[in-house]
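Here is the structure we will look at.
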Amino acid sequence: GLTVEETEALLQVVPQVHHTEINDALLAALAKALTQWTGAPAVLVDLEGHGREHIADDVDVSRTVGWFTTIYPVRLNAPTGKPDQALQAMKTELRRIPGHGLSYGLLRYLGDEPIREQLRTLPQAEVSFNYLGQMDGAMGESGSFAPAPESRGPEHSPRGQRAHLIDINGGVAGGQLQMEWPFSANLHRRETVARVANDFAAAL
């Protein structure tokens, strides 16, 4: 995770100076950490989102609750140049994705069979990434809601199969960016994942 001061800079200073969004910085750092680990020029990552972004003026989701959950693959290229150059390059790449990735799910699962088959045969991402946003604001200022202190228990059956080798997710809580890196001990060593996570934080 980051300190409160570093998180504040990430949320306030970086977007103002570089006209970027937080995912631009997070994914630029992730691209550096993962390509440094794998030695590959690029990595494929599944980005997960809540699907409630503004897509079109005639789409009104104000009478709905919950997430629509979009998951779509993105190729993250190894960053080159200085950090600000890598940030701008990531911003450019992410802005090229139409409809915040919503169209991928439509084509992958509801498109014509030839298109669905073509997308099925493409390489699949082994890492997923989900930035959940600022949890502090989501709880509201009234104090009526707060995170439960007890464990929420396992989110998946121990008999289930992993969709990704590593599922990176997190957000800002208590004024600090905190990211979790769940992994399988059958596939990776803890020290390996910890090193990559530390590289991500350092790059960020």
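Just so it is clear, the model here is predicted, and its values are computed rather than measured. Throughout, residue positions are numbered sequentially from 1 according to the sequence presented.
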Any heavy-atom pair between the side chains of [Y] and [X] that's under 4.5 Å?
X    : Y    : value
R189 : R195 : no
L10  : L26  : yes
R108 : R120 : yes
L30  : L76  : yes
L27  : Y131 : no
I71  : E48  : yes
R116 : E113 : yes
T35  : P79  : yes

Do [X] and [Y] sit in the same hydrophobic cluster, where Ile, Leu, Val, Met, Phe, Trp and Tyr count as joined when their side-chain heavy atoms come under 4.5 Å apart?
X    : Y    : answer
L87  : M90  : no
V14  : V172 : no
L47  : L132 : no
Y72  : L94  : yes
L122 : Y104 : yes

What distance separates [X] [atom1] from [Y] [atom2], expressed to the nearest 0.5 Å?
X    : Y    : atom1 : atom2 : answer
E93  : N77  : CD    : CG    : 6.0 Å
L2   : L204 : CG    : CG    : 5.0 Å
L34  : I168 : CG    : CD1   : 5.5 Å
T3   : E8   : OG1   : CD    : 9.5 Å
Q88  : K82  : CD    : NZ    : 14.0 Å
Q134 : I22  : CD    : CD1   : 7.0 Å

Check: [Y] main-chain N/O paired with [X] side-chain donor or acceptor under 3.5 Å:
X    : Y    : answer
D112 : P114 : no
K32  : P83  : no
S128 : D46  : no
E180 : D167 : no

Open item on the list: Between E126 and R162, does any side-chain N to carboxylate O distance fall below 4.0 Å?
Closed with: no
Nearest heavy-atom neighbours spanning [X] and [Y]:
X    : Y    : value
M179 : G171 : SD-N, 4.1 Å
A86  : A28  : O-CB, 4.2 Å
Q36  : D199 : NE2-OD2, 3.3 Å

Does atom [atom1] of [X] have more than 12 heavy-atom neighbours from other groups under 6.0 Å away?
X    : atom1 : answer
Q85  : CD    : yes
Q178 : CD    : yes
R96  : CZ    : no

Open item on the list: For D24, run the side chain to side chain donor-acceptor pair (under 3.5 Å) check against K91, H19, R95 and tell me which one passes.
Closed with: R95
Open item on the list: So that I know where these two stand, are W37 and H188 an aromatic pair - ring centroids less than 6.0 Å apart?
Closed with: yes
